[in-house]
Amino acid sequence: MTELASGPGPLRQCVELARKDLRAETRAGEALLVIAPFGAVALLLVPLAVGADTPLLRELGPGLYWVVVLLVGMLVTLRASTVDGPAQLELLRLCGITPATRLAGRALANAVLLLGVQAVLAPVAVMLYDPDLSGWAWLLPVALLVAGGLGVLGALADALAQGLAGRTTLGPLLVAPLAVPLLLGATQVLTAARYDRGPWPWLVLMLTADLVAALATVLVAAHLEEA
């Protein structure tokens, strides 16, 4: 009876909020049916501009892939901010959902969507650029760290820009500079693996960036809610 009266814990609340956002995205289909194809077109435009310079495309491919993932990821995470309006937010407050838990649920949903976007764009990048995939096994932790970091940064930027008229412009301006360590680490991990160097420093850099973003989100969540 005590457990029933106290309600679900923060972890369960976070998972349920993420499921709510993912169900809304499943019905809308905007991330995987509109934004991901836009990213694929962006990957296609570069070979058209550079020409049939295969060695150059192979060198540029991994970096361009992660740049497109970053840009598309910002669209995905900030698009999710339209899921909850003022009435939905007030209902969550009445249900006892803390601001930190709400942002954690949004970040988790963002990360899942970004993993799906990466999975859609990866075969396109391989077909267009034919990159050297030496050390491809490192792509799994890199994909998780990039998705997690961008998911948290997107949730934080959404909270910071909540209620502002220029939120769609301000959001990318907030996320892009903070995502530089993720972009730098993602591009350098495969390069290090290709030359038989340990990619651990870059993975540590990305993990540190994720943890700092998560800690900042937790610390400012309550203050943003009051504001």
Q. Checking side chain to side chain contact (heavy atoms under 4.5 Å, CB included) for the pair V76/L114: CA distance, chi angles, key distance, verdict?
A. CA-CA 7 Å; V76 170; L114 288 171; 4.2 Å; yes
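- The heavy-atom pair separating A155 from R106 by the smallest distance is CB-CG, 3.9 Å.
- Here the CG atom belonging to L70 is positioned 10.0 Å from the CG atom belonging to L75, to the nearest 0.5 angstrom.
- Crowding of R23 atom CZ: a count of heavy atoms from other residues, nucleotides or ligands under 6.0 Å exceeding 12.
- Distance CG/L22 to CZ/R27: 11.0 Å, rounded to 0.5 Å.
- Here R19 pairs with E16 under the side-chain hydrogen bond (donor to acceptor under 3.5 Å, both in side chains) rule; sequence neighbours left out.
- Here the CG-CG distance, from L156 to L178, works out to 7.5 Å after rounding to the nearest 0.5 Å.
- Between G154 and N110, the closest heavy-atom pair is C-ND2, 4.2 Å.
- Taken together through direct or relayed side-chain contacts under 4.5 Å among Ile, Leu, Val, Met, Phe, Trp and Tyr, L33 and V69 form parts of separate hydrophobic clusters.
- A continuous path of ILVMFWY side-chain contacts below 4.5 Å connects F38 to L44, so both sit in one hydrophobic cluster.
- Side-chain heavy-atom separations under 4.5 angstrom define the hydrophobic clusters, and the remaining members of the one that includes L140 are L115, L144.
- A donor-acceptor pair under 3.5 Å is absent between the side-chain atoms of Y129 and the main chain of P47, judged by distance alone.
- A119 and P123 make their closest contact through O-CD, 3.0 Å (heavy atoms, listed as atom of the first residue, atom of the second, distance).
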Hey, can you pull the donor-acceptor pairs under 3.5 Å for the side chains in residues 191-209, sequence neighbours left out?
| unit_1 | atom_1 | unit_2 | atom_2 | d |
| --- | --- | --- | --- | --- |
| T191 | OG1 | T187 | O | 3.1 |
| T208 | OG1 | V204 | O | 2.7 |

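- Judged as a side-chain hydrogen bond (donor to acceptor under 3.5 Å, both in side chains), and not counting sequence neighbours, D130 has no contacts.
- Hydrophobic clustering of Ile, Leu, Val, Met, Phe, Trp and Tyr side chains at less than 4.5 Å, counting indirect connections, unites L113 with L182.
- To the nearest 0.5 Å, atom CG of residue L190 and atom OH of residue Y65 are 10.5 Å apart.
- Summarising the geometry of A36 relative to V120, their closest heavy-atom pair is CB-CG1, 4.1 Å, with the distance given to 0.1 Å.
- Scored by the side-chain hydrogen bond (donor to acceptor under 3.5 Å, both in side chains) test, Q188 finds no partners at all (sequence neighbours excluded).
- Closest heavy-atom contact between G149 and D210: CA-OD1, 3.1 Å.
- Taken together through direct or relayed side-chain contacts under 4.5 Å among Ile, Leu, Val, Met, Phe, Trp and Tyr, L56 and L128 form part of one hydrophobic cluster.
- Residues passing the side-chain contact (heavy atoms from CB on, under 4.5 Å) test with L215, sequence neighbours excluded: L219.
- In this structure, L103 is not a member of the same hydrophobic cluster as V15, with clusters built from ILVMFWY side-chain heavy atoms closer than 4.5 Å.
- Once rounded to the nearest 0.5 Å, the distance linking CD of Q13 with CD1 of I97 reads 3.5 Å.
- The two residues V68 and A42 make their nearest non-hydrogen contact at CG2-CB, 4.3 Å.
- Of the inter-residue distances, the one linking L150 atom CG with M74 atom CE reads 8.5 Å to the nearest 0.5 angstrom.
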